[in-house]
Q: 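Can you read through this structure? Questions will come right after.
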Amino acid sequence: MVEKIQPGDAIHPGKPVTVDRYGPGARVNHWITAASLILLAISGLALFTPSLYFLTSLFGGGQNTRALHPWIGVVLFLSFFVFFFQLWRANLPERVDIIWLSKIRDLLSGHEENLPELGKYNAGQKFIFWAMTLLILVLIGTGVMIWEQYFAEYFTIPARRVAVLAHSVAAVLIICIFILHVYAAIWTRGTLRAMTRGSVTGGWAWRHHRKWLRELAGQRKTGPAK
């Protein structure tokens, strides 16, 4: 079995019990990734259609937007893949994910007592993680191909046309995935605390990620917090 406990994950007894989920470095990197995605979405849409060109004023005009957009993409790529190498093991698919998905109606109706015990991430979170990974790879690859200032001479015009299409499709998809991610974080009460304070309550961990909490409790040689 692949070890899923991340460095820094820990239980702190008290009233209430708290559970460390993300360290300061992971949280800062997460918000850099989120900010980069938002800036890329705004600047990319501004360059994509004349009806949204007015958004370039946020970056100091069209030329600045065109110059900054690819560099923000580089920041996104680097920040996300720091996050990726920290968390990919905990996001590997498991058989329990299929069971969780089969009970999605119980999740949506609030009957989480019918769901299986989960590790640090559920199937929905894993889907977002791997979808983001794939789409960012597509975006950085196609982005390099259409980055005229540095790479125009290395690719043919037909190849760059295909890259523009693939880049645009991937951009729309990643915006949708990002919106889904934000919605899920807001919908599941207590989740945002993990990326603001770095910790969740013991009750939240017990309700949503009980297997992960049991593993942490086992490391402490004590029973899980109630």
Side-chain angles (χ1 to χ4, degrees), residues 1-35 37 79-80 82-133 177-226:
M1 178 179 177
V2 178
E3 179 61 56
K4 302 295 178 69
I5 301 299
Q6 303 293 309
D9 291 359
I11 297 174
H12 299 285
K15 295 182 180 181
V17 172
T18 59
V19 186
D20 290 340
R21 191 163 171 86
Y22 297 107
R27 298 200 305 277
V28 169
N29 198 53
H30 171 271
W31 292 114
I32 291 173
T33 300
L37 266 173
S79 64
F80 180 82
V82 168
F83 212 51
F84 174 86
F85 287 115
Q86 293 173 337
L87 301 178
W88 72 271
R89 290 182 182 273
N91 280 279
L92 290 173
E94 297 179 288
R95 183 174 298 177
V96 71
D97 296 325
I98 298 175
I99 301 172
W100 186 87
L101 287 170
S102 71
K103 296 180 178 291
I104 195 70
R105 288 185 179 180
D106 288 316
L107 173 69
L108 297 177
S109 61
H111 297 293
E112 296 190 33
E113 68 276 6
N114 298 326
L115 299 175
E117 292 191 358
L118 297 174
K120 190 166 186 177
Y121 300 106
N122 60 42
Q125 292 168 315
K126 291 178 180 180
F127 165 75
I128 290 173
F129 179 85
W130 291 109
M132 292 280 287
T133 300
I177 292 294
F178 181 73
I179 292 172
L180 176 63
H181 174 59
V182 172
Y183 176 79
I186 295 172
W187 184 68
T188 307
R189 292 180 60 185
T191 300
L192 285 175
R193 169 177 169 153
M195 274 302 173
T196 54
R197 304 185 196 179
S199 64
V200 294
T201 64
W204 185 95
W206 180 257
R207 180 177 181 182
H208 299 292
H209 299 278
R210 192 169 300 181
K211 182 181 177 183
W212 173 63
L213 183 63
R214 288 186 186 277
E215 291 172 348
L216 287 175
Q219 283 193 338
R220 297 182 70 249
K221 307 299 182 184
T222 64
K226 300 293 186 181

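Both backbone and side-chain heavy atoms feed into the values below; hydrogens, waters and symmetry mates do not.
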Q: Salt bridge between Lys126 and Glu94, side-chain N to carboxylate O under 4.0 Å?
A: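 Salt bridge: yes.
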Q: If we only count heavy atoms from C-beta on, is the Trp204 to Thr191 side-chain gap below 4.5 Å?
A: yes
Q: Could you report the tightest heavy-atom contact between Trp31 and Met195, atom names first, then the distance?
A: NE1-O, 2.7 Å
Q: How about Lys211 and Pro116: do any of their side-chain heavy atoms sit closer than 4.5 Å?
A: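 No, their side chains stay 4.5 Å or more apart.
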Q: Can you find a pair of side-chain heavy atoms, one from His181 and one from Met132, that are under 4.5 Å apart?
A: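 SC-SC contact between His181 and Met132 ruled out.
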Q: First locate atom OG1 of Thr33, then atom CG of Leu37, and finally report the distance between them rounded to the nearest 0.5 Å.
A: 7.0 Å
Q: With the side chain counted from C-beta on, respond yes when Gln125 and Trp130 share a heavy-atom pair under 4.5 Å apart, and no when they do not.
A: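 Gln125 vs Trp130: side chains apart.
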Q: Could you tell me the separation between the CZ atom of Phe85 and the CZ atom of Phe80, rounded to the nearest 0.5 Å?
A: 10.5 Å
Q: Is the backbone N or O of Leu87 less than 3.5 Å from a side-chain atom of Asn91, with the two atoms forming a donor-acceptor pair by type?
A: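 The answer is yes, because a donor-acceptor pair under 3.5 Å joins these two groups.
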Q: Which heavy atom in Ser79 sits nearest to a heavy atom in Asn29, and how many Å separate them?
A: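 Heavy atoms only, the tightest pair is O-ND2, 2.5 Å.
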Q: Roughly how far, to the nearest 0.5 Å, is CG of Leu107 from CG of Leu101?
A: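 Here the rounded value is 10.0 Å.
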Q: Using the ring pair (Phe, Tyr, Trp, His ring centres under 6.0 Å) rule, collect all pairs that involve residues 100-127, keeping only residues at least two apart or in two chains.
A: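 For residues 100-127, and leaving out neighbouring residues, there are no ring pair (Phe, Tyr, Trp, His ring centres under 6.0 Å) pairs at all.
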Q: Please give me the minimum heavy-atom distance between Tyr22 and Ala194, naming the atom from each residue.
A: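 Closest approach of Tyr22 to Ala194: CD1-O, 3.5 Å.
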Q: When rounded to the nearest 0.5 angstrom, what is the spacing between CD in Gln86 and NE2 in His30?
A: 12.0 Å
Q: If you define the side chain from C-beta out and look only at heavy atoms, does anything of Asn122 sit under 4.5 Å from His208?
A: no
Q: Give the minimum heavy-atom separation between Ile11 and Pro13, together with the two atoms involved.
A: O-CD, 3.7 Å
Q: Would you give the length of the straight line joining atom CG of Leu118 to atom CZ of Arg207, rounded to the nearest 0.5 angstrom?
A: 13.0 Å
Q: Is it the case that the side chain of Trp88 and the backbone of Phe129 share a donor-acceptor pair, with hydrogens and angles ignored and the cut-off at 3.5 Å?
A: no
Q: My understanding is that only residues two or more places apart in sequence, or in another chain, count here; which of them pass salt bridge (charged side-chain N to carboxylate O under 4.0 Å, His left out) with Arg210?
A: none
Q: When Val200 is tested against each of Thr18, Val19, Asp20 for side-chain contact (heavy atoms from CB on, under 4.5 Å), which residue passes?
A: Val19
Q: Quick one: CD1 on Ile128 to CG on Leu180, what's the gap to the nearest 0.5 Å?
A: 4.5 Å
Q: Which side-chain N or O atoms in residues 182-190 pair as donor and acceptor under 3.5 Å with protein atoms at least two apart or in another chain?
A:
from	atom 1	to	atom 2	distance (Å)
Thr188	OG1	Ala184	O	3.2

